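The shown structure was predicted, so the numbers you read here are calculated from the model rather than taken from an experiment. Residue numbers begin at 1 in each chain, while the letters A, B, ... track the order of the sequences. Just the heavy atoms: all of them, side chains too, but no hydrogens, waters or symmetry mates, feed the values below.
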Number of protein chains: 2
Amino acid sequence: MADLVYQRIITSLKKAIDEGEFSDMRLPDERSLAESYSVSRSSIKRALGLMADQGIIFKKRGSGTFVNPLYVKQGSSFNYSGKNLGITDSFNSKGQKPGVKVLSFDVIHPNKDMQDNLFLKPSEFVYSFKRLRLLDDVPFMIETGYIPIKLAPELSEQIASESIFNYVESELGKEVNKTYLNISAEPSDSEGKELLHLADNEPVGLMEGIFFLDDGTPFEFSTMKLHYKYFKYDSFVDLANK
Amino acid sequence: MADLVYQRIITSLKKAIDEGEFSDMRLPDERSLAESYSVSRSSIKRALGLMADQGIIFKKRGSGTFVNPLYVKQGSSFNYSGKNLGITDSFNSKGQKPGVKVLSFDVIHPNKDMQDNLFLKPSEFVYSFKRLRLLDDVPFMIETGYIPIKLAPELSEQIASESIFNYVESELGKEVNKTYLNISAEPSDSEGKELLHLADNEPVGLMEGIFFLDDGTPFEFSTMKLHYKYFKYDSFVDLANK
DNA sequence: CAGTGGTCTAGACCACTCA
DNA sequence: GAGTGGTCTAGACCACTGG
C-alpha cells in the first residue's frame, strides 16, 4: 500500500496539511512539487487528483491548488476520514462489538426481480437468508440477502452467522469490492418495530445494494433495514460531472 | 465536452456496449483499443478508468476488462444514468414542474457550528433562509440555508425565490460545483408534518450539506428535510479504497 | 504575459492471471 | 510464458487566471 509513488505523496501531503504547513491554504504548483519530490508531474497529478476526489483539496485551472478549509478543522460536523461506506466494515469502526444472529436460511427460486439483479436464469437457485446485526448486543439492522448457489456452493447457516464476505475471500479466493447502493427511508413495519425496538413514529433507513465480485459478477442482492439512529451516509460529490 | 479524446472514447464505447457489440461481456485489451482508436494507451486508460468509477465496466489485472451486466439490463432497479446527485438538479429531472416558496429570509450572526462549517469569524453575518420546495405544486422538501453575506452581498428574498446557484453563476461569475453531504433519517417533527403533509408515523429524509465554490470556499450550509417518498440517493461504491 | 492546472503522447517496466 | 491491466516517466502543447 505504501510502496506506490502517488500513495507516498498523498500521505506526505496530508501530513504537511495536518501540520499546518500551508498556512495560506495554497499548495505549491505541480511542477515544483514534482521537483521537490523528485517524481514526474504525472505522479503529482495523480496524487492531487485523488485528493481532490476525496474533497481534501480543490484544484482551479490558472489559479492553483487549495486546501479544503473544512479538512483542517476540528469539531466540524464532517469527518474526512477516508471513504464513506455505510456498509459492513464501517459498522465495526466505532469500537463496538459487532454481532450477527441468523433468523432464516433457505434455498429458493429467484423471482423476476432477483433474476434481473443477479443475472440469473429462472432455473437457478439462490440462497435466501435474513440476519439481525447487533452492536454491543443491541440490534440495529435487519439484513435480507440473496446469493446464487453457483457462486458459493458451500455456503451454510454457520458461515452466515459469521462473515460471508470473509468466507468468500479466504475460501473461494475471490473478493467483493464494489457495490451499487440505493438509499431511502420508510416508516417502520411490524418486523422493524419488534426486532429493532422502534416506536410507532420511528422510521428505518433502507440500503438496497448489489455487491459485485472483482470480475464484475453480481454476487449478492441485499436489503438492509437500519434503525434510524444508526443510519448515516457521508459523501463528497462533484456536481460538475454531467 | 465532446472534443476531448477520452470523452469521445467513453461515448463511443458506451454506444458499442448499448448495441451489444461485446457479446461475451469482454472489451478488447487496452493496447488494441489504443490502436483501433489511434490514440495513446494512456487515453484509453483514462476513459476506462472513468467508466469503471461509474460502475459501467470492471477491470481486472491479468484478466481483462468486462461490462457490468447490470449496465446493459433494462428494468433493473438500478439506473446508471450518470451521476447520482439527490440535489437540486436531479429533483427537476423527472419532468415535474419545480416550485419554490420562501418561508423566511433574514440576516443573523452565525452560531459556533456555522462559524466552523462556513469558516467565518464570529463578527461576520450570514443570510439565513428557509424555503419550501414543490414539484407540480406538491411540497416535498423544507430547506434551511445559511450563506455568508460577504460571498453574496446582493442576495435577496427575490433571488431566493428563484435559484440562488444560478444567480451566483450568472451574476457573480463563480460556480458551485462540490458538496459534502451527510445523509440520515428522522421521525417527522411538527413542522414536517404540517408543511410536507406527513402522518405521525411518516419520517423525513435528512440531507445536510456544505456547498463549495470552485476555489474551495464554503459557500452555503444547507439542511434539507425531504418527504420520505422523495428521498432517494444512488451511489456506486468501491469498497477497496482503504 | 507569466503562472497554473488540463490533456495527450510514447514508451519502459512491473504484477497478476491463466492456460 | 503470453497476455492483461497498473505504475511511472519526460515532455509537448493547450486553456484559463490574474496582475
Side-chain angles (χ1 to χ4, degrees), chain A residues 1-11 13 22 24-53 56-67 169 172-175 177-178 213-217 238 240-241, chain B residues 1-11 13 22 24-53 56-67 169 172-175 177-178 213-217 238 240-241:
Chain A
M1 187 78 165
D3 60 337
L4 296 181
V5 170
Y6 67 87
Q7 291 286 6
R8 196 186 90 226
I9 290 167
I10 290 176
T11 304
L13 286 177
F22 311 113
D24 55 352
M25 304 308 279
R26 181 185 189 148
L27 270 63
D29 71 280
E30 298 181 346
R31 289 161 179 89
S32 307
L33 285 171
E35 191 171 4
S36 56
Y37 279 105
S38 298
V39 299
S40 72
R41 188 179 161 212
S42 312
S43 293
I44 295 293
K45 289 193 80 62
R46 181 161 191 171
L48 295 181
L50 288 169
M51 290 171 77
D53 287 343
I56 298 175
I57 59 175
F58 295 87
K59 300 191 283 183
K60 199 176 179 204
R61 186 196 316 228
S63 301
T65 302
F66 306 87
V67 178
E169 195 163 343
L172 304 183
K174 303 191 174 192
E175 203 180 347
N177 59 11
K178 297 262 202 315
L213 299 178
D214 50 11
D215 65 354
T217 310
D238 186 346
N241 287 351
Chain B
M1 185 78 166
D3 59 337
L4 296 181
V5 170
Y6 68 87
Q7 291 286 6
R8 195 185 91 225
I9 289 168
I10 290 176
T11 305
L13 286 177
F22 311 113
D24 55 352
M25 305 307 280
R26 183 189 187 140
L27 270 63
D29 71 280
E30 298 181 346
R31 289 162 179 87
S32 307
L33 285 171
E35 191 171 5
S36 56
Y37 279 104
S38 299
V39 300
S40 72
R41 189 181 160 212
S42 311
S43 293
I44 296 293
K45 289 193 80 62
R46 182 160 190 172
L48 295 181
L50 288 169
M51 290 171 76
D53 287 343
I56 297 174
I57 58 174
F58 296 88
K59 300 191 283 183
K60 200 178 179 203
R61 161 136 85 182
S63 301
T65 302
F66 307 87
V67 177
E169 194 164 346
L172 303 183
K174 305 194 172 189
E175 203 180 348
N177 59 10
K178 297 266 202 316
L213 298 178
D214 51 11
D215 65 354
T217 310
D238 186 343
N241 287 351

message: My understanding is that only residues two or more places apart in sequence, or in another chain, count here; which of them pass side-chain hydrogen bond (donor to acceptor under 3.5 Å, both in side chains) with A:S63?
response: none

task: Could you tell me which residues satisfy side-chain hydrogen bond (donor to acceptor under 3.5 Å, both in side chains) with A:T217, sequence neighbours excluded, listed by chain and number?
output: A:D215

Contacts table for residues 43-51 of chain B: side-chain donor-acceptor under 3.5 angstrom, sequence neighbours left out:
| residue | atom | partner | partner atom | Å |
| --- | --- | --- | --- | --- |
| B:S43 | OG | B:S40 | OG | 3.4 |
| B:K45 | NZ | B:E30 | OE1 | 3.1 |
| B:K45 | NZ | B:E30 | OE2 | 3.2 |

field: Span of DNA chain C in contact with chain B (heavy atoms, under 4.0 Å)
entry: C:dT7 to C:dC18

query: Which of residues 31-52 of chain A have a heavy atom under 4.0 Å from DNA chain C?
result: A:R31, A:R41, A:K45

message: Measuring from atom CE of B:M25 to atom CD1 of B:I57, what distance do you get when rounded to the nearest 0.5 angstrom?
response: 11.5 Å

message: Test of understanding: with side-chain contact (heavy atoms from CB on, under 4.5 Å), list the residues that count as partners of A:S32, not counting sequence neighbours.
response: A:P28, A:D29

message: List the residues meeting side-chain contact (heavy atoms from CB on, under 4.5 Å) with B:R61, not counting sequence neighbours, and say none if there are none.
response: none

- request: Mind listing the closest non-hydrogen atom pair of B:L13 and B:Y37 along with its distance?
  value: CD2-OH, 3.7 Å

Over all atoms of both residues, closest heavy-atom pair of B:L27 and B:V67: CD1-CG2, 3.4 Å

message: Under the rule for salt bridge (charged side-chain N to carboxylate O under 4.0 Å, His left out), what residues qualify as partners of B:K60, not counting sequence neighbours?
response: A:D214

- prompt: A:K178: what forms a salt bridge (charged side-chain N to carboxylate O under 4.0 Å, His left out) with it, not counting sequence neighbours?
  reply: B:D238

Within the sub-3.5 Å range, which N or O atoms of nucleotides 15-19 of chain D have a protein N or O partner, and how far apart are they?
| residue | atom | partner | partner atom | Å |
| --- | --- | --- | --- | --- |
| D:dA15 | O4' | A:R61 | NH1 | 2.8 |
| D:dT17 | O3' | A:S63 | OG | 3.2 |

